[in-house]
Amino acid sequence: MSPGESVLGCAPAAQPQVLRERGQREVFCGLTGIIWMHRKMQDAFFLVVGSRTCAHLLQSAAGVMIFAEPRFATAIIEERDLAGMADCQDELDRIVDKLLARRPEIRTLFLVGSCPSEVIKLDLGKAAQRLDGKFAGSVRILNYSGSGIETTFTEGEDACLTALVPEMPSADAGEATNLLIVGALPDIVEDQFKRLFDELGIGPVHFLPAKRMAELPKVGPNTVFLLAQPFLTETTGALQRRGAKRLDALFPFGAEGTTDWLRAAAESFGIDRMHFNRVVAPGRERAKRAIAHRRERLEGKRITFLPDSQLELPLARFLHTELGMMPVEVGTPYLNRELNGRELALLPTSTRLSEGQDVDLQLDRVRLDRPDLTVCGLGLANPLEAEGLSTKWAIELVFSPIHGFEQAGDLAELFARPLRRRDILRV
Ligand code: SF4
């Protein structure tokens, strides 16, 4: 399909139709994931092999990190012709040597590819293999791409976790069933889920990514896993190829999503239903009460999601089923029907689904629809605000703790705040 073209996908009769667009898109590249991944993986370092643009993106996105000794950096590859590529490899080796000598605590080094043509010419997979051999036993050197040509925003995390899956030790066939939670979560949320799984009697439970390389959990046919994030298509495939089974559930947003997610684990571990209800009820009730406080402002309001983080479908489901909002259009960079099947089933049939982006066409639809709230990237928010449309930055939804019962009220508040602000400005 040529750029700028849109087609209405021919989905099977029972599936909602999807408007597919392949035009200009306004989304961060996969390098952005480094901002939250480096906080999670405490002995990892992310070395972006890129240009000054990549360095600027990381610096501005990371903001406050300049005060700490950061665990990411950019090796800037300046313009070179093909004859200069051998020097590039030497230069990369030199930078890695220097970095690992200065930072002996690093246990995993990710070489992260980007999109300048010089980097594309450089075979980072081979470089990682070569350097991994050199530092064997002390540092694992892996690579993935965060390039804006190959990845959008949250796909950087998917690529990073996919690179980690082959590093996970194999679980023996006779080992007890273990639960793996897949997707980076803020520590506070991880601890809350750990406590709930403990109370339910589900275990052992591990998280991917692990905080340290040495804590990477085992995986095998006795592993069942729950996705904490909807954007982990490649990681899901990699885990399934290692024999792990995915538990199908709503994503843990809001009281209902979190209950469904926990229930999938409880059923897989044969937990008694009465016990499940007893353990889950207090958190679920707290979540419902917190959500109810925001319902008045959000109920009946129309919302559009522009494609950004792939969180759009589960969030639209949460806003519709628990807050009574009406999703007008839900756009997502990629639509994985398998991972999102249950989410899709709970969206109203009138909601327009779109996959990919042709930004001008999409903005035309927003102007026609005039939703009460548009969730979009930073670059589109100001122009839409100038046209009198209220917006919410999609990036905030990725950087804020929004999973689980205890965060359900805050999640609803993230959508209520711009509408409150709009009402105050109008007065
Ligand atoms: Fe820009 Fe590509 Fe670097 Fe991302 S990877 S900052 S899109 S040059």
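First listed ligand is number 1; within each ligand, the first listed atom is number 1.
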Heavy-atom distance to atom 7 (S) of ligand 1: which of S51, S147, C115 wins? C115

Aromatic centroids of F399 and W36 separated by under 6.0 Å: yes

N-O pairing of D132 and R140 below 4.0 Å: yes

I'd like to know if R284 pairs up with E256 as an ion pair, taking the criterion as any Lys NZ or Arg NE/NH1/NH2 lying under 4.0 Å from an Asp or Glu carboxylate oxygen. yes

Would you check if R370 and L389 make a side-chain contact, meaning some heavy-atom pair closer than 4.5 Å? yes

Please state whether the separation between atom 2 (Fe) of ligand 1 and some N/O/S atom of C29 is under 2.8 Å? no

Identify the residue among V205, T258, I181 that makes a side-chain contact (heavy atoms from CB on, under 4.5 Å) with F193. T258

Give the residue and atom name of whichever protein heavy atom lies nearest to atom 6 (S) of ligand 1, and the separation in Å to one decimal. C54 CA, 3.6 Å

Any idea which protein heavy atom is nearest atom 5 (S) of ligand 1, and the distance to it? S114 CB, 3.4 Å

Ranked by distance from atom 1 (Fe) of ligand 1, the top protein heavy atom is T53 CG2, 3.9 Å

